[in-house]
Each structure stands twice: as C-alpha cells, then as structure tokens.
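Model, not experiment: these values are computed from the prediction. Per chain, numbering begins at 1; letters A, B, ... match sequence-line order.
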Amino acid sequence: MSKTILEGLNPAQKEAVLHSGGPLLILAGAGSGKTKVIVHRFAHLSCKVSPEHILAVTFTNKAAGEMKERISRLIKKDIRSAWVGTFHSQCNKILRKEIHALGYGCDFSILDDSDQLNLIRHILKEFKMYEALYRGILSRISLLKSSFVGPEEFLSRGDVFGFEDKIARVYLRYQDEIKRCNSLDFDDLILLTIKLFEEHPKALKKFQDSFQHILIDEFQDTNPAQYRLMKLLAGNSGNMCAVGDDDQSIYAFRGADHTNIMNFEKDFKGAKVIKLEQNYRSTQHILDIAHHVINKNPYRHPKKLWTDRKEGEKPSLCWFGNEIEEARHIAKTARELYLKGAYAYNDFAVLYRVNLQSRAIEEALREERLPYRIIGGISFYQRKEIKDLISYMRLCSNNSNNVSLRRIINCPPRGIGASTLTKIDQIAKKKSVSLLSAMKEILKTNTVTAAIKEKIAGFVGIVEGASPKNFKTASDMLRHLYKNTGYAEFIGEDRAENTMELIASAEGIGIEAFLDKMSLLSSLDSADTGNAVSLLTFHSAKGLEFPVVFISGVEEGILPYLKAQEPKEIAEERRLLYVGMTRAKEMLWLTCAKKRRLYTKIQEQQPSRFLKDIPLECCQKIEKIPPPAKPGSVCEKKPKTFKASLYSVGSRIKHSTWGVGVVRDCCGEGDDQKITVNFPNVGIKKLALKFAQIERL
DNA sequence: ATGCGCGACCTTTTT
DNA sequence: GGTCGCGCAT
C-alpha cells in the first residue's frame, strides 16, 4: 500500500507526502505536481487515520471533485462522505447542523451574487442614494466582511468625505436584511462558522477532535477569514498542511491575501517548508521567459522552476496592426498546426485579460472553421429563467426569503407592482415579519382594493401550494412550479428548453440537496467536454494546461489593465501574465496589436512593460506584420460561403485501406472536392472524393 | 402597471 | 456593442 503511494514522486514531493504531522507549508510552483502531492499525502495519512478525520479544502467544486476521484482511485476506497470539498461547502455542511446556536434556522438560504446585487440596489433606492456604483459597493462590503470589519466598526472609523459613511449605512442595512431573510451570503458561510467556533468552544472542540489533519489547496487565494477558520480548526495540534504558490496569487481583488503564505511560518512556529521547483508541464524555454517576468516582482518567495523535459521551441512574440489581424494570425497558426496533425483542437488555448477580447478571436476562428468553446462566460445557471424558478423554490422552502420573493413576485407579471410592494414592505417592517407573512396579513384586512387582494391571494396560494413537503424530488417541485406559476406561458421556446434542462438535472435529487448544489455551483463546473479550441481569461485558466497557448493583447492598458495603478496592482497583473505563460506545455505565443478597439473607441496601444523584462534571445522571432496598405482592397469581411459538403471538418470517415480517420480540411467544389484526413495509425492523407473509397461514419 | 427611449457604464470572479 | 436602470409616456 505505502509503496504505491510513493511511486513516481520526486524527493521533495516524497518529503511533503511523508511529513508526519505539525505545520507544513508546501510552496508549489506552477506545474510542479501540487495536486499530486495533496492526493498522495491524503492517501498516506489515511493509512493511519480514517479518511473522515482529514479535512481537505479547495476553492472550486471542480478541484474538489478531481481530488476526491484521484484519492479514491489511489486508496481504492469510496470517500464520497469524506470532508473533501470547497471552503463554502464544508462550512455549509457544518452550519446546517449547528447554526441554531447562532439564532438562525437550519433551513437558511444562500444568496448568490445576483441576489446580493438586487438587495444592494433595493437598499440604495430606499436610502435615496442613486449611486451607479452598486457593484463596487458590494465588493467593498464583501472585502470588509472577509477581513472581519463589521458595519459598526467601519462606521466608527469615520471619514470626512461621507462616501465611506454611506457604504457603512448600506452595509449595516444589508446585514440586517439578510439576517431577517434567514439567509447567508458566501462570506457569511465562513464568518458564521468562525463565530460558531469562537462563541461555542464545545462545537469547536468537536470538530477539532474530528479533523486530525487539515489540507488546504491554493493557499495563496485564502482570505483572512478562511485562514482564521483553518487556524481555529487546526488548534493546538497544528496538523495543517497548506499548499500554494505566491506567484499565482491573482485574486487579491476578491480579498485573497497571499501574505498568508508569508505569515504561515510566523503563525505556526517551527513550520516545515518544502519547495517544489521541478516542473513537469512546460519546456525550459517557456519556463525561462516566465521566470524573467515573475522575477521582477518584489516580496516573493524566491524560487526557480526547472525541468528535465526537452528545451522545445522558443516562444514567439508577434506584433500586429490591430486586434483583427492578431486574431487571424492566431487562428491561422492554430489551423496550420492542426493540419500538420500534431495537435487536436482541444490542445489549443487562447488567453486574454478581459472577456471582450474574445469577440475578435471568435470571429477569426469561425473564419478558419475551427471549433471553439468559451470557458467561464455566462453560465447556464445565471440565466433569468433558471434563477427565477430557483427563487420560487427558495421562497417555498424558506418563507422568510424576501430576496427571492422580490425577485419573482411580479415575474411573470401578475399586477403586483412597485407601489403594492412598498405597501407590503411597510407592513412587514411595522410588524417585523417577512414579506410573505405581511401579504397574508393584508388579506385579513381591508387596506387595499379587492382587485389587489385577489392578486396577492393568488401569489400566496402559489407559494402555499408548493410547500416542499408536498414533493418527493426537486424535479417534481420544479415541474409543479413551472406550470402553476404561469411561467410556462410567460417564456419563449428557447427559454422553455433551458427550464426543461434544469428540471432534467434535478431528477431524483432531494429539494434541499438540490438548492445547496445550485447555490454552491459555478460556471466552471459545467461540462468541458468536446474537442474545441479553448478561449478563456487568465483567471479562468489557472490550474489548467494546454500544449499550445496564445496570449493575446500583451499591451499597456490590457495587461497591465488600465485600472491597475498601484505597485501592488501592477504586481498582480504581472502574476497574471506569469500564470498565463505557465499554462503552456510546448508552444507559446505572445501577441500584441498596435491599434485595438475597446468598446467603441479605437486606441493606439503600446507594448506591455512586462515584455521589456524578457531578453530578446529568449524569443524565437519577433514578427512585425504591418497593417495592409490599402484598407479598401483587402477583403473586409468576405462572407465565405461553404457548400454543405458531405464531409465536414471534424467528421469521421472510414477508408477501405487506412481505416477510420478524422476529416481535418475540405477544399474544392463539385467533382474537385478533396479532403484532408488524419488516420491515427497512418498519418495525414489528402483524398479526392471522386476516387477515394470512403464511407461516412 | 407596463413599455420605450436615453444615457452611463464598463476588469478579473473559484463560492 | 450591449446591458441596465431611470424617467417619462401611455
């Protein structure tokens, strides 16, 4: 058993896995086998203590899922019930059992960020504050919460300008409001768990005893609250193992504090520190330029990645007239590599700083007929119809959830508008009850017209008729709601399809479990299957790797982004580039454009300051491609028309002698049609349709 | 109560 | 270029 656990590990990894107990900090460079170490360490520990006594936390469901799977494969045990999960899901699990000690009901709802934004907007309106900055306000509040600054304390700090004062008032109100809704936001999940432990030592003791070892992934991304929670749980044993890389800290804007890494050794005296510097992902050339970029950052744990893989091709740096040419070059290069047969579509990734950059790239890829997928865009679960139906469910299972009620009270329109809602709100406040209870109150009185009463009664009827105890599964409840709320008639065909998909995904799942899952799910969790070029931001690229990576827009204003001004912010932008570069396994392109269209303005762009830190000799070529001389003469937007060919790119065919292959290119028309096919065991072949004996699969 | 036009506004976002 | 909220008109 123990032998397989150590198999294939290098000395540093082995040391990390075998470390017997006490605080351990693993500084794991990009591609150094970080997850492997955590998985193997978990397996090693589980030889002595049972898996339920190990707490392993990650930031994403995806990471947690992968970790679970790899662990159970390694130790050949079902660990589905083990404590391997995200910070938020672990806290949810604890709080569902223990939150009554803090005066909440255990049926609390979890607000997602659109719920939070709606609430903030509502509060601003109520305060007659017409700030267009509600997004900024929410993120301020979240930052304050995750660093333990309560509204009262924030208020007492005072400030002369009054804006902070306003935020403090909104903050206070926000906190009261969600408490009244028996709801928790993501920060509360962490904060209330801390509160529980700090105010109820017995509860803390119980979990401290239970968790004999703690493993934290992506430690550089923890915020002060998350770190404090982990320190509490580690208690005196200090059996805490944190794995992270300060060079990959790119979430400071969300409160992540990578100085947690620096503080670890202070907080845990005698902590063992192990560096993982051998990289298993990239070629030496890629590591070299990445190192030149990151090495300029002050305050980092010095480390230098190395590899014994081949040197590979030198990364390329290209410079184009505008973002369209840049995108075309990327698409063309990808296509050429693909046609050579060396790479599949999903070996390519195009990375960018801001989502709007994807537009030009998408267009170019379509022109080249390369399939692509955008990772991390708007997710299925953020669609209005999905969120609405979930809100109905939330309200029905937690009648105090005013946030959900506000969302759907007039959706589909049922004649309960702003004025009626205000009336309901006033009554709710006066009697300090939930909005739904206030509506029921109104029905008993004669304070509103009969017409409005009827509408209110209709809504209350819907909610009461859909009590969760009436249903066995989440899908039953959704089906019922979809019909009885009038939603079915309210939405169009394509949206109806989405709701069907939602209902299908809820099949056989309990209502509470389903709601938890929906609250704690993210866009990145949805399937990433399919063979396609990936388009994604640096942020979404973290933790991923691709044989061929294009980094677009390496320009001042994009990377570093315009809004990054402070040295701290610039340092984070630099880390973004570093994260991007270290995604590449074999080939890496850095591209820039002289002119770039941002929204409606066309801007002159300068090369990024970060490029100056890369020695010339480290790059294979610096291509300068001047913009076309005559703008009119170049095919502006030649709408390429393709005859619907029997054999489209990507389809599979069978050849009489070479067997099964994948069509990589089609050209010519009519009798002249030729296709390029890659036969895995034979290679690339060009076939004339007229002669070749092929059959479509 | 709803529908429409105008203007402001844009990062990144694991939960 | 697209979204979202506001204010005005119906």
Just confirming the chi classification of dT12(B), syn or anti, using 90° around 0 as the syn window.
anti
Do we count F538(A) as stacking onto dT12(B) if the rule is ring centres under 5.5 Å and planes under 30°?
no
Can you identify which nucleotide, out of dC10(B), dT13(B), dG2(C), has its nearest atom closest to the K563(A) side chain?
dC10(B)
Taking atom P of dG1(C) as reference, at what distance in whole Å does atom CG of N355(A) sit?
17 Å
Measure from CG on N223(A) to P on dT14(B) and round the result to the nearest Å.
15 Å
Protein-nucleotide distance (L562(A), atom CG; dT11(B), atom P), rounded to Å
11 Å
Within residues 112-122 of chain A: residues closer than 4.0 Å to DNA chain B (heavy atoms):
D113(A)
Paired with K595(A), the side-chain contact (heavy atoms from CB on, under 4.5 Å) test is passed by just one of E604(A), E325(A), E323(A), Q603(A), namely E604(A)
Does a donor on one side chain sit under 3.5 Å from an acceptor on the other, for S519(A) and R394(A)?
yes
Between Y174(A) and Q116(A), is there a side-chain donor-acceptor contact under 3.5 Å, judged purely by atom types and distance?
yes
Under 4.0 Å between any heavy atoms, over every strand shown, what does E573(A) touch: base, sugar-phosphate, or nothing? Just pick one.
base
If I take atom CD in residue E362(A) and atom C1' in nucleotide dG2(C), what distance separates them, rounded to the nearest angstrom?
14 Å
Compare side-chain N and O positions of T537(A) against OP1 and OP2 of dT13(B) and report whether any pair is under 4.0 Å apart.
yes
Once you apply a heavy-atom cut-off of 4.0 Å, does R575(A) come out as touching a base, just sugar-phosphate, or nothing?
nothing
Euclidean distance, atom CG of residue L544(A) to atom P of dT14(B) [Å, nearest integer]:
12 Å
Per nearest nucleotide of DNA chain B, the residue lying toward the 5' end, L576(A) or K455(A), is K455(A)
Is it possible for you to check whether R575(A) lies under 6.0 Å from the centre of the six-membered ring of Y578(A), through NZ or CZ, and within 45° of that ring's axis?
no
Which residue lies more 5' along DNA chain B, comparing D221(A) with T420(A) via nearest heavy atoms:
T420(A)
Using a distance-only test with no angle check, is there a side-chain donor-acceptor pair under 3.5 angstrom linking E362(A) and Y372(A)?
yes
Using nucleotides 2-6 of chain B, report all nitrogen or oxygen pairs with the protein that are shorter than 3.5 Å.
residue : atom : partner : partner atom : Å
dT2(B)  : OP2  : N410(A) : ND2          : 2.9

S146(A) and D187(A): side chain donor to acceptor below 3.5 Å
no
Do we see a donor-acceptor contact under 3.5 Å between the side chains of E556(A) and Q606(A)?
no
Does the side chain of N297(A) come under 3.5 Å of the side chain of D247(A) through a donor N or O and an acceptor N or O?
no
What is the separation between atom CG on L138(A) and atom P on dT11(B), rounded to the nearest whole Å?
15 Å
Report the distance from atom CZ of R359(A) to atom C1' of dG2(C), rounded to the nearest whole Å.
8 Å
Side-chain donor-acceptor contact under 3.5 Å, N92(A) with R96(A):
yes
In whole angstroms, how far is the P atom of dT13(B) from the OH atom of Y561(A)?
12 Å
Closest nucleotide among dT12(B), dT14(B), dG1(C) to the R597(A) side chain
dG1(C)
H539(A) vs F253(A) aromatic rings, parallel, tilted or perpendicular, using cut-offs 30° and 60°?
perpendicular
Compare the minimum distances between each of dG1(C), dT12(B), dT14(B) and the side chain of R254(A), then state the nucleotide with the smallest one.
dT14(B)
Per F253(A) side chain, nearest of listed nucleotides dT13(B), dG2(C), dT11(B):
dT13(B)
Going by 5.5 Å between centroids and 30° between planes, is there a stack of Y251(A) over dT13(B)?
no
Looking at S540(A), I'd like to know whether one of its side-chain N or O atoms comes within less than 4.0 Å of OP1 or OP2 on dT13(B).
yes
Which is it for V533(A) and R373(A) under the side-chain contact (heavy atoms from CB on, under 4.5 Å) test, yes or no, and what are the steps along the way?
CA-CA 6 Å; V533(A) 178; R373(A) 62 161 175 266; over 6 Å; no
